[in-house]
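Residues take their numbers from the sequence shown, with the count starting at 1.
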Amino acid sequence: QVQLVESGGGSVQSGGSLRLSCAVSGYTYSRYCMGWFRQAPGKEREGVAALDSDGSTAYADSVKGRFTISQDNAKNTLYLQMNSLKPEDTAMYYCAADHTDPGDGLLFRLTHIDFGYWGQGTQVTVSS
């Protein structure tokens with residue numbers, strides 16, 4: 001059974017930084033994609049950043065240059081380093097994972113939220 005548990009959310013002032021973590025267990029696929037998504041109150045869930053087992057990464061335009069997705073395979077942990085945070089980054093942040101096949105478009109999957117396994121989320125609040 002795949003489990004994803006997020007942590008690291010909190011409240012920060014505009015311009016500040018946070019690092020989110022997602023501990024992954026029970027995932028046995030050798031080819032995978034993992035990503036971060038967010039959902040603000042009254043808005044649809046949106047893709048933020050993703051990476052796959054081939055080393056590719058993808059980012060939403062709104063976070064390029066400010067957020068960095070990474071992983072520590074030894075710790076089975078996915079990270080999202082968020083710098084220069086803005087009030088519009090305020091949302092519940094979720095990590096997600098799934099199997100991937102050669103040729104899968106990572107940005108397409110991120111944009112279309114095409115991931116099968118999800119965590120429970122961690123809240124990020126950015127005040128102005």
Side-chain angles (χ1 to χ4, degrees):
Q1 181 179 358
V2 178
Q3 289 189 321
L4 299 94
V5 180
E6 303 95 336
S7 61
S11 297
V12 65
Q13 290 192 329
S14 182
S17 298
L18 282 173
R19 188 177 79 158
L20 305 183
S21 299
C22 175
V24 183
S25 61
Y27 193 86
T28 60
Y29 294 117
S30 59
R31 296 188 56 82
Y32 59 85
C33 54
M34 301 185 70
W36 288 97
F37 298 80
R38 66 187 182 187
Q39 187 165 17
K43 294 188 177 181
E44 294 185 350
R45 189 169 297 189
E46 63 175 354
V48 175
L51 56 74
D52 65 21
S53 49
D54 291 334
S56 297
T57 58
Y59 293 90
D61 287 344
S62 59
V63 306
K64 280 181 181 177
R66 299 189 299 124
F67 291 10
T68 303
I69 189 170
S70 62
Q71 63 180 331
D72 184 331
N73 289 332
K75 295 182 178 179
N76 292 327
T77 301
L78 180 73
Y79 300 102
L80 184 69
Q81 178 66 43
M82 305 186 295
N83 298 328
S84 302
L85 282 161
K86 304 175 181 180
E88 52 263 43
D89 295 317
T90 295
M92 184 70 78
Y93 282 71
Y94 301 88
C95 73
D98 209 335
H99 169 74
T100 187
D101 291 313
D104 277 0
L106 185 61
L107 182 60
F108 181 89
R109 295 191 69 167
L110 177 68
T111 303
H112 290 80
I113 316 182
D114 183 16
F115 285 69
Y117 302 101
W118 291 84
Q120 293 300 307
T122 185
Q123 178 67 38
V124 171
T125 303
V126 184
S127 58
S128 57

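Linking Ile, Leu, Val, Met, Phe, Trp and Tyr whenever their side-chain heavy atoms come within less than 4.5 Å leaves Leu106 and Val24 in two separate clusters. Note on Tyr94 and Tyr59: separate hydrophobic clusters, where clusters join Ile, Leu, Val, Met, Phe, Trp and Tyr whose side-chain heavy atoms are under 4.5 Å apart, directly or indirectly. Using a 4.5 Å cut-off between side-chain heavy atoms of Ile, Leu, Val, Met, Phe, Trp and Tyr, with links allowed through other members, Val48 and Met92 fall into different hydrophobic clusters.
Judged purely by atom type and a 3.5 angstrom limit, Ser56 has no side-chain atom pairing as donor or acceptor with the backbone of Asp52. A donor-acceptor pair under 3.5 Å is absent between the side-chain atoms of Tyr79 and the main chain of Thr68, judged by distance alone. Between the side chain of Thr111 and the backbone N or O of Phe108 there is no donor-acceptor pair closer than 3.5 Å. When atom types are taken as modelled, the side chain of Asp72 and the backbone of Ala74 share a donor-acceptor pair closer than 3.5 angstrom. Checked by atom type and distance alone, the side chain of Tyr27 never pairs as donor or acceptor with a backbone atom of Leu4 at under 3.5 Å. Checked by atom type and distance alone, the side chain of Asp98 pairs as donor or acceptor with a backbone atom of Gly116 at under 3.5 Å. Thr125 contributes no side-chain N or O that, together with a main-chain N or O of Ser11, makes up a donor-acceptor pair within less than 3.5 Å.
When all heavy atoms of Thr77 and Ala23 are compared, the pair lying nearest together is OG1-CA, 4.3 Å. Among all heavy-atom pairs drawn from Tyr29 and Tyr117, the shortest one is OH-OH, 3.9 Å. Leu78 approaches Cys95 most closely through the heavy-atom pair CD2-CB, 4.3 Å. Closest heavy-atom contact between Ile69 and Gly35: CD1-CA, 4.2 Å. Taking every heavy atom of both residues into account, Ser128 and Pro87 meet most closely at CB-CG, 3.9 Å. Residue Leu51 comes nearest to Thr57 through the heavy atom pair CB-CG2, 4.0 Å, listed as atom of the first residue, atom of the second, then distance.
Remark: Cys33 SG to Asp114 CG distance equals 7.5 Å, nearest 0.5 Å. Of the inter-residue distances, the one linking Thr100 atom OG1 with Asp54 atom CG reads 7.5 Å to the nearest 0.5 angstrom.
In this structure, Gln123 and Tyr93 have side chains that are not in contact, with every pair of non-hydrogen atoms separated by 4.5 Å or more. A 4.5 Å side-chain heavy-atom check between Gln81 and Ser17 finds at least one atom pair inside the cut-off. Contact of the Glu46 side chain with the Ile113 side chain is not registered, since no non-hydrogen atoms from C-beta on lie closer than 4.5 Å. Residues Arg38 and Val124 are not in side-chain contact: their nearest non-hydrogen atoms beyond the backbone lie 4.5 Å or more apart. With a 4.5 Å cut-off on side-chain heavy atoms, Arg66 and Asp89 count as touching. Put simply, the side chain of Cys22 reaches to within 4.5 Å of the side chain of Trp36, judged on heavy atoms. Residues Leu20 and Phe67 are not in side-chain contact: their nearest non-hydrogen atoms beyond the backbone lie 4.5 Å or more apart. Counting heavy atoms from C-beta outward, Ser21 and Glu6 have side chains that stay 4.5 Å or more apart.
The number of heavy-atom neighbours closer than 6.0 Å to CD of Gln120, taken from other residues, nucleotides and ligands shown, is 12 or below.
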Exercise for review: Kindly indicate, with the supporting measurements, whether the criterion side-chain contact (heavy atoms from CB on, under 4.5 Å) is fulfilled by Asp104 and Arg109.
Suggested key: CA-CA 8 Å; Asp104 277 0; Arg109 295 191 69 167; 3.1 Å; yes
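By the 4.0 Å N-to-carboxylate-O rule, Arg31 lies too far from Asp101 to be salt-bridged with it.
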